[in-house]
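For reference, the structure discussed in these notes is given below.
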2 protein chains.
Amino acid sequence: MAMIETVTESLGIGEVADRTGLSVHALRFYEREGLLIGPVHRTAGGRRRYSPTDVDWLGICVRLRESGMPLAELKRFAELVRQGPGNEPERLRLLDAHQHRVEDQIRALEECRSIIAVKVGVYAEHVARGTAAGLWDPTATEG
Amino acid sequence: MAMIETVTESLGIGEVADRTGLSVHALRFYEREGLLIGPVHRTAGGRRRYSPTDVDWLGICVRLRESGMPLAELKRFAELVRQGPGNEPERLRLLDAHQHRVEDQIRALEECRSIIAVKVGVYAEHVARGTAAGLWDPTATEG
DNA sequence: CTACGAGCTAGAGGCGGGTCTAGATCAAGC
DNA sequence: GCTTGATCTAGACCCGCCTCTAGCTCGTAG
């Protein structure tokens, strides 16, 4: 959950790794996979220099990944962006669909949470009063 | 999100698959991996018959998995249950820790959602008024 | 000038979590 | 008895997503 501070200068790969939470390996991998919105600049010596826009985009990537967007879809989005203006409706559809999935996911997690909470409550009570029998004992009936 | 109806008779693997949402392959795989709380009964002919307790447990497994518990931890929990009464405090710790992770996850997802919502809003507005320039255009400045 | 860490490429490797295959067996209906 | 579909085992395979290795270069500090 690292906050990604906005940056005005170009950054080396290590700095970008620090700011985005991605490893340098992952950054190079993402680039190979075509997940970036344009070629990363290089120094004379061949080192990558990430622009603020690159870093900004990577920040979004991290959020989309964290919320379960597969790399393939991220790649598709990056392609749309790379194609330039004109396909915004499709980008919107993609983001919007993902947003719905995130909401479904949150609902599912909340349901899981409450089911787990019940189990936790049962265990907590039994443990508290030392009467820890009759729950998930494969040789007994479930409580 | 299939509701798992409570059952009073033993079931074959296909029926369990239907009820839990796990594939028959996954059910056998889980068993091999020691994720069940006891040996599954077999018919004379060697087919598995899952007791209501088994099905119940699998239902919990599904929820724990859905909410991100790794198989290794599920296995650990199953081991504790298999050992029988006496280790309830440890089971409780395990469940409780997982519950906290689920809550963190929900919070993280909510944060992602709101960040995505901002992007969606920006795109929606631009698309609605046809002025879809200046956003994530790698050749321009970001909006 | 030298040393040393950070970065480079291409490609292999690994891990989690299943999924699928082959070839055999079981069980129910015709 | 025969067919058909579900199940069995052991083990190979796959996919997503990185992570690591080898062997080299860059660039900064002493």
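The sequence lines fix the lettering, A, B, ..., with proteins before strands; numbering per chain opens at 1.
Going from atom CZ of R32(B) over to atom C1' of dC20(C) covers 11 Å, rounded to whole Å. Residue L27(B) contributes atom CG, which lies 14 Å from atom P of dC20(C) at whole-angstrom precision. Distance H25(A) NE2 to dG7(C) P: 11 Å, rounded to the nearest Å. Between the NE2 atom of H41(A) and the P atom of dG7(C) there is a distance of 19 Å, given to the nearest Å. With rounding to whole Å, E15(B) atom CD is found 14 Å from dA27(C) atom C1'.
When heavy atoms are screened at a 4.0 angstrom cut-off, R42(A) is found touching the sugar-phosphate backbone but no base atom.
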Output a table of nitrogen or oxygen pairs between the protein and nucleotides 4-6 of chain C separated by less than 3.5 Å.
| from | atom 1 | to | atom 2 | distance (Å) |
| --- | --- | --- | --- | --- |
| dA6(C) | N3 | R47(A) | NH2 | 3.3 |

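Comparing L22(A) and G45(B) by the nucleotide of DNA chain D whose heavy atom lies nearest to each, the residue mapping closer to the 5' end is G45(B). Positionally, the nearest nucleotide of DNA chain C for M69(B) lies more toward the 5' end than for the other of G46(B) and M69(B).
Take E110(B) and apply the side chain to side chain donor-acceptor pair (under 3.5 Å) test, not counting sequence neighbours, and it matches no residue. Every side-chain contact (heavy atoms from CB on, under 4.5 Å) that R32(A) has, sequence neighbours left out, goes to F29(A). Contacts of E90(A) classified as side chain to side chain donor-acceptor pair (under 3.5 Å), with partners at least two apart in sequence or in another chain: R76(A). In this structure, the side chain to side chain donor-acceptor pair (under 3.5 Å) partners of R49(B), at least two apart in sequence or on a different chain, are S10(B). By the side-chain contact (heavy atoms from CB on, under 4.5 Å) test, R47(B) pairs with T43(B), sequence neighbours left out. Partners of E73(B) by side-chain contact (heavy atoms from CB on, under 4.5 Å), not counting sequence neighbours, listed by chain and number: M69(B), P70(B), L94(B), R101(B). For E103(A), the side-chain contact (heavy atoms from CB on, under 4.5 Å) test picks out Q99(A), H100(A), R107(A), R113(B), with sequence neighbours left out.
Note on R28(A): every side-chain N or O is 4.0 Å or more away from OP1 and OP2 of dT9(C).
No side-chain donor-acceptor contact under 3.5 Å links D56(A) to the backbone of T53(A).
Residues L35(A) and L71(A) meet the side-chain proximity criterion, which asks for heavy atoms closer than 4.5 Å.
Here chain A contacts DNA chain D (any atom closer than 4.0 Å to a heavy atom, that is under 4.0 Å), and the contacts span dC17(D) to dG27(D) from 5' to 3'.
In this structure, the nucleotide among dG7(C), dG18(C), dT19(C) sitting nearest to the side chain of Y30(B) is dG18(C).
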